[in-house]
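Numbers for residues simply follow the sequence, beginning at 1. All of these numbers come straight from a predicted model, not from anything done at the bench.
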Amino acid sequence: MEKENIAVGLDIGTTKIVAMIGKKNEYGKLEILGVGKSKSLGVARGVVNNITQTIQSIQQAVIEAEANSGYKINDVVVGIAGQHIRSIQHTDYVIRNNAEEVISGKDIQLLIDQVNKLAMLPGEEIIHVLPQEFKIDGQSEIKEPIGMYGARLEASFHVVVGQASSIRNVGRCIQSSGIELSGLTLEPLASADAVLSQEEKEAGVALIDIGGGTTDLAIFKDGIIRHTAVVPFGGNVITDDIKEGCSIIEKQAELLKTKFGSAWPGENKDNEIVSIPGLRGRDPKEISLKNLSKIIHARVVEIIEQVFTEIKAYGHEDPRKKLIAGIVLTGGGSNLKHIKQLVEYITGMDTRIGYPNEHLAGNSSEEISSPLFATAVGLVMNSIENNSNSAYKIELKEVVTEPAPRQVSFQPVAQAPVVEERKVVEEVPTEVISEPINLETETTESKIRRSFFDRYVDKIKDFLDNAE
C-alpha cells in the first residue's frame, strides 16, 4: 500500500477549537482531508479554565474531523497561546574541546541545552529556544554553522517562556480526549508559517493574529524570528462592548459585529439602522450602524495601539530593523470590515490581510482559505515538518444487511454532531508507515526544533503519567 504522511493540527482557541487533518500532495502543497470545528468552552484568553468543558469541545472537533476525512486520529500538534506568554533575547556560547573538528549538530544541541537551563521566574517554563544568528571565533552573522571550523561557538537566541501549569493543563485535556500530544508550537509562529512568504520574512514583517481572546504578534527580519508577544485582548472584548453599549444579548452582538460591523465610523450614514428582535415578545431594538462602528472603532484602536507599542519595543524605527513588508493581519478578527485601513492609519505601515492559501492545494475550499483557519493550517504544516504519522485510514467495507444489522457508533460526547446514517459499515484500520527522515537534507533549524520538541513533549507526558 502507498505510504502516507498524515499530519494533524489542533488549534485550541478562545472562541473555537479546530482539528485539521492534512497531507502533502505530489506538488508539495498541503491537501486538507478533513476539518472539525467546535465552540470552545472552558478556554478564556487562550488559557484553559475548565478542563471538563475543554475535553468535550476537543472530542467534538476530533469526531467531526474524523467523520469528514475517514481517518482516525492518533496524535496532534497543538498551538500554545495566552496572556502568560512572553519572550526574551539571550546570548550564550560554548568552548569546543577540539577546534580541529568541524562543528556538528551535537555542538548546537549542547548550546541549546545550556540555554534550556536558564533560571526562569517561579512557575515559568521555556517553550521554544530559537537560534537567530551564530558567531564563530568572533566572526558574526553566520546563519548555518554546521561544517565550519572554530573553537568558540556563540549564538543569540529568541527564548519563548510560558506558565508551566497552563501548558500542563493543555496536555491533560488532550490526553483525556483519548489522543496523544506529539508537539507544541507557539500559535503566532504557526500562523506565520501559514500566511507569510519567505520574501516577507527576509524584508521584515509584523504578523498580527487577532483571535477571540488574544492578539498574537510575531516579528521577522532577515528571515529570523525577532520578537513575539501576546496581547490579552481580541474579538471577544469587541463583542462585549457591543453587548453593553447596545443592551443586547451576546449572540446578537456577535452577529451585529460580523454582518454589519466596521472599524471605520465615517463609512456609515446617520440614517442606517438595524432592527433587532426583542426578547420574549418585547418591542424590537433599533441600533444605528454609525454608533455600532464607533463602539468597534474605539476597541480596535486600543488593541492595535497595544500591538504597535510591542512593534516599537522591538525597535522598528531603527533603520537597520525597519519592517519593509509592513504588517500582515490574520485570524478571525482580520475579517472585520475596514480593519486594514485603520491599521495603516494608526501605524503608517503597509498592511495586507493574510490568507493561508499560499501553501494549500488548489482544490481547497474557500472556508479553509479564510484567515480564521491560519493557525490550524500552520499547525498541520508543523506536524508534516516533524514527519508525523498522526492518523490512519479507516477502510469502509460494505456489509450485507442482516435482520439485526450492527451499526458503528462513535464514542458519545456532549453536543457531538449527528453522524448521518448511510450504509452499515465496519472499521478496518490499516496501518500506515511514515516516510523515513532524510537526515542529510535536514536543516539546523529543523533538527533543533524536532529534538527540542521530543524532549519537551516527553517531559509533559512524564508529568501527566506521574500525576495520575
Under 3.5 Å side-chain donor-acceptor pair for His90 and Asp92: yes
May I have the step-by-step check of side chain to side chain contact (heavy atoms under 4.5 Å, CB included) for Ser370 and Asn335, ending in yes or no? CA-CA 9 Å; Ser370 161; Asn335 286 327; 3.9 Å; yes
Classify the ring geometry of Tyr314 against His227: parallel below 30°, tilted from 30° to 60°, perpendicular beyond 60°. tilted
Would the number of heavy atoms belonging to other residues, nucleotides or ligands and lying under 6.0 Å from CD of Glu302 be above 12? yes
So does Glu141 pair up with Lys135, basic N to acidic O under 4.0 Å? no
How about Ile126 and Val160: do any of their side-chain heavy atoms sit closer than 4.5 Å? no
Carboxylate-amine/guanidinium contact Lys243 Glu254, below 4.0 Å: no
Less than 4.5 Å apart, any side-chain heavy atom of Val102 and any of Met148? no
Less than 4.5 Å apart, any side-chain heavy atom of Val43 and any of Ile12? yes
Within a strict 4.5 Å, meaning less than it, do heavy atoms of the Arg152 and Ile136 side chains meet? no
If you take the centroid of each ring, where Trp contributes its six-membered ring, are Tyr345 and His338 closer together than 6.0 Å? no
Student check: side-chain heavy atoms of Ile238 and Phe233 closer than 4.5 Å: no
